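Have a look at the structure below before the remarks.
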Amino acid sequence: MEQINSLPIERQRELLLQKCPTYLETKKAVEKNEFHLPPLLNAKHGKVVTRFPPEPNGYPHIGHAKAAVIDEEYAKMYAGKLILRFDDTNPLNEKLEYYDAIMEGLSWLNIVPDIIKNTSDDIHLLHFYGKKLINKGNAYICLCDQNTIHHLRSKGLPCQCRIDSDKVLENSDKIFNGYYHQNEAIIRFKGNMNSDNTAMRDPTLFRIIENTHPLLGDKIILWPTYDFAAPIEDSLDGVTHAFRTKEYELRNELYQQILKNLEMRIPEVLEFSRLEFEGLPVSKRKLKPLIEEKKVEGWSDPRLPTLMGMKRRGFTPEAIRRFVLSLGITLSETKPSIGVLEAFNRKIIDSISKRLLFVNDPVKITIKNVKQKEVVFKNHPSIEMGSRKIYVNNVVFISSQDAEKLKNGMEIRLIELYNIKVSYIDIEKKEGIVEYRDNILKENIPKIQWVSEEDLVKYMILKPTKLFIGDRFNHNSLEVIEGFAESFVTTLSTNTMVQFIRLGFCRIEDNKSAIFTHK
RNA sequence: GCUCCGAUGGUGUAGUCCGGUUAAGCAUUUCGCCCUCUCAAGGCGACGAUCCCGGGUUCAAAUCCCGGUCGGAGCACCA
């Protein structure tokens, strides 16, 4: 062994090849553009159950998409089941419209859960397990006020309620019978008040919230916290692998302890980092003011990282899925650039996007000595997507950016039309005169897009850019590009993806406008 | 403050558990070339990482050990 090990690596390899020729060939080639999640521990084919547990307290965003895709992908990978569970245990935050919004978001992502349920469906069960925990001496009723609790928790000291918890048992009945009101009493887990893990310092399991719940109305006032509901529900629902974002990491001990005390099955819990794009926060705290102050149009504004916004921007669910999978389930906290998502999206929409002509800030070009012409324009350069006819008399419009580069005597080609020679151009007046040259394809002359005076509509492209620069809202985050498009755009329905030649991919919004997706 | 977690090219990651098939794979970005009546897509190629730093163990360390640094998270009657 010593001898072999001390040989140079090349020699070791030679010897290895002689003795065991297959050993060095086991590495599989990585398929391009295909990303997979790593295998799961303790996962049996057909037996994996995952769950996506959003709280219906807002519109779903890219962060939800990441969690949902991971949950679904693992369920699929092991031919298991995916549960969608609305984690609706705080009537202060939840609204009916958000349940629907989340459902819509998922269906847009093509994620179809096998089971759909609400944590609130199991409220009586949750109460039952709460009582059980108290009876076993693993939880107690605490009557202290919040400041006291906070104070003692930070010092690692128990309160009198805890100390007396074995003697004072009647409070338990009282809290379940509705004797107490909001802020008067809570149920706490009997953890370890001086644990290093602060999540174990007797966290709250139930509290009283006298608000109307979107599903249960006013019937219930004693609501479990996430810390209690999540492990119980996961265990009861048969979840084998529970994924959550990494800020819950320290709660793992609690999660397991609760189930252990109750002698319930403990699922595998795994964490992944939150997903947020650079310059595009996901938090309601940052987004809501934008909407309230009308800086953006609403939750479906194409600048927003909400699923509705991203859909409107022209991102495809398939691109989002690939993107999420390419991220993996790492714990490292990073903010990927949206450019990666765009790259995935581009590859998907390229093959379904018709190529159209649009010019912004149009300059009127009169063409001398030319006859009326009809061009047949292919809808896609390499894929059979039909074609359309465009009539051209002797006036076309080109964009002023292109016009600026023109000089007298210069020869250019109007894409798919013919070559012209510039005889006069005035950017200020937005006009120019050119001569017809010929219709021979030449390699070294500029090719620019145009629209025919005979066949145009006024059109607008909304171009989203960075929402925030640093910490500040970018007031120029929605650029408006106005110009002319060929009238063919008006025949396309909302949501159609197109590519305006030399401009970029856009999603058709209506007869008058489109939203710029990306280059 | 205390506790936990992370750190691989410009960016996102694979590999780290079980040290040697790889001085590092993939994707993206940027740049070339080919293709193309688009500044798109496709094809080919290039640039780019002494794997946070310092020390140790070992014939051999991105991978193991110790000590730092930087970044993030938790410490709610939110989830």
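On a predicted model such as this, the values are computed, not experimentally measured, just so you know. Per chain, numbering begins at 1; letters A, B, ... match sequence-line order.
Place A/Lys519 and A/Asp145 on RNA chain B by their nearest nucleotides, and A/Lys519 ends up nearer the 5' end. Take the nearest nucleotide of RNA chain B for A/Ile209 and for A/Lys447: the residue whose nucleotide is more 5' is A/Lys447.
Aromatic ring centres of A/Tyr74 and A/Phe243: separated by under 6.0 Å. Two rings, from A/Phe228 and A/Phe206, have their centers less than 6.0 Å apart. Remark: aromatic rings of A/Phe358 and A/Phe397 are distant, center separation not under 6.0 Å.
Using a 4.0 Å cutoff on non-hydrogen atoms, the parts of residues 246-253 of chain A near RNA chain B are A/Lys246, A/Glu247, A/Tyr248, A/Glu249, A/Leu250, A/Arg251, ordered by number. Contacts of residues 190-199 of chain A with RNA chain B (heavy atom under 4.0 Å): A/Asp196, A/Thr198. Using a 4.0 Å cut-off on heavy atoms, the residues of residues 86-100 of chain A that approach RNA chain B are A/Asp87, A/Thr89, A/Asn90, A/Asn93, listed by number.
Regarding A/Ile501, its CD1 atom lies at a distance of 8 Å from the P atom of B/U38, rounded to whole Å. Note: CD1 (A/Ile221) to C1' (B/C77) measures 13 Å, nearest angstrom. At whole-Å resolution of the value, OH in A/Tyr226 and C1' in B/C77 are 17 Å apart. Between the CZ atom of A/Arg244 and the P atom of B/A73 there is a distance of 17 Å, given to the nearest Å.
In terms of the salt bridge (Lys or Arg N to Asp or Glu O under 4.0 Å) criterion, A/Arg207 has no residue partners (sequence neighbours excluded). Scanning for ring pair (Phe, Tyr, Trp, His ring centres under 6.0 Å) contacts around A/Phe488 gives an empty result, with sequence neighbours left out. Partners of A/Gln256 by side-chain hydrogen bond (donor to acceptor under 3.5 Å, both in side chains), not counting sequence neighbours: none found. Checked against side-chain hydrogen bond (donor to acceptor under 3.5 Å, both in side chains), A/Ser165 has the following partners two or more places apart in sequence or in another chain: A/Lys190. Partners of A/Asp234 by salt bridge (Lys or Arg N to Asp or Glu O under 4.0 Å), not counting sequence neighbours, listed by chain and number: A/Arg51, A/Arg85. In terms of the side-chain contact (heavy atoms from CB on, under 4.5 Å) criterion, residue partners of A/Ser195 (sequence neighbours excluded) are, by chain and number, A/Asn192, A/Asn197, A/Met200. Residues satisfying the side-chain hydrogen bond (donor to acceptor under 3.5 Å, both in side chains) test with A/Thr225, not counting sequence neighbours, are none. Under the side-chain hydrogen bond (donor to acceptor under 3.5 Å, both in side chains) criterion, A/Glu404 pairs with no residue, sequence neighbours left out.
Nucleotide B/U58 has no partner under the Watson-Crick or G-U criteria, as no pair reaches both atom distances under 3.5 Å. B/A46 is paired with B/U30 under the Watson-Crick or G-U wobble criterion, all donor-acceptor distances under 3.5 Å. Pairing for B/C35 is absent, judged as Watson-Crick or G-U wobble with the two contacts each under 3.5 Å. Under the Watson-Crick and G-U wobble criteria, each requiring two contacts below 3.5 Å, nucleotide B/G25 is paired to B/U13. With a cut-off of 3.5 Å on both Watson-Crick or G-U wobble distances, the partner of B/G74 is given as B/C2. Base pairing annotation: B/G67 forms a Watson-Crick or G-U wobble pair with B/C53, both donor-acceptor distances under 3.5 Å.
B/G68 and B/C26: their P atoms are spaced 38 Å apart (whole Å). B/U50 and B/A24 are spaced 11 Å apart, taking the C1' atom of each and rounding to whole Å. Here the separation of B/A62 from B/G25, taken at their C1' atoms, is 13 Å to the nearest Å. Atom P of B/A46 sits at a distance of 26 Å from the matching atom of B/U13, rounded to the whole Å. Nucleotides B/U8 and B/A49, compared at atom C1', are 7 Å apart to the nearest Å. When the P atom is compared between B/C64 and B/A7, the two are found 11 Å apart, to the nearest whole Å. Only the C1' atoms considered, B/G19 is 15 Å distant from B/G56, to the nearest whole Å. The same atom, C1', is picked in B/U58 and in B/G43; the two are 46 Å apart, to the nearest Å.
A/Cys144 comes within contact range of at least one nucleobase, with a heavy-atom separation under 4.0 Å. Residue A/Arg413 is in base contact, counting any heavy-atom pair closer than 4.0 Å across all strands shown. Among the heavy atoms of the strands lying under 4.0 Å from A/Glu55 are primed sugar atoms or P, OP1, OP2 only; no base atom is included.
Salt bridge A/Glu411/A/Lys421: absent, no basic N to carboxylate O contact under 4.0 Å. With respect to the salt-bridge test (charged N to carboxylate O, under 4.0 angstrom), the residues A/Lys378 and A/Glu416 do not qualify. Salt bridge absent: A/Lys519 and A/Glu342 never bring a charged side-chain N and a carboxylate O closer than 4.0 Å.
Regarding contacts with the backbone of B/A79, a side-chain N or O of A/Arg207 is found under 4.0 angstrom from either OP1 or OP2. Listed pair A/His150 / B/A76 meets the phosphate criterion, a side-chain N or O lying under 4.0 Å from OP1 or OP2.
Residue side chain A/Arg355 reaches the base of B/A40 through a donor-acceptor N/O pair under 3.5 Å, judged by distance alone.
You'll find that the side chain of A/Leu331 is closest to B/G6, out of B/U38, B/A76, B/G6. Checking B/G6, B/A40, B/C37 against the side-chain heavy atoms of A/Arg346 singles out B/A40 as nearest.
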Exercise. When you look at A/Phe189 and A/Tyr140, which way does the ring-ring contact (aromatic ring centres under 6.0 Å, His included) test go after all the steps?
Worked result: CA-CA 7 Å; A/Phe189 184 71; A/Tyr140 60 96; 9.3 Å; no
Problem set entry | Pair A/Glu271-A/Asn252, side-chain hydrogen bond (donor to acceptor under 3.5 Å, both in side chains): steps then yes or no | CA-CA 10 Å; A/Glu271 285 86 26; A/Asn252 280 182; 3.2 Å; yes
Tabulated below should be each protein N or O lying under 3.5 Å from an N or O of nucleotides 11-19 of chain B; please produce it.
from	atom 1	to	atom 2	distance (Å)
B/G12	O3'	A/Thr334	OG1	3.2
B/U13	OP1	A/Thr334	OG1	2.7

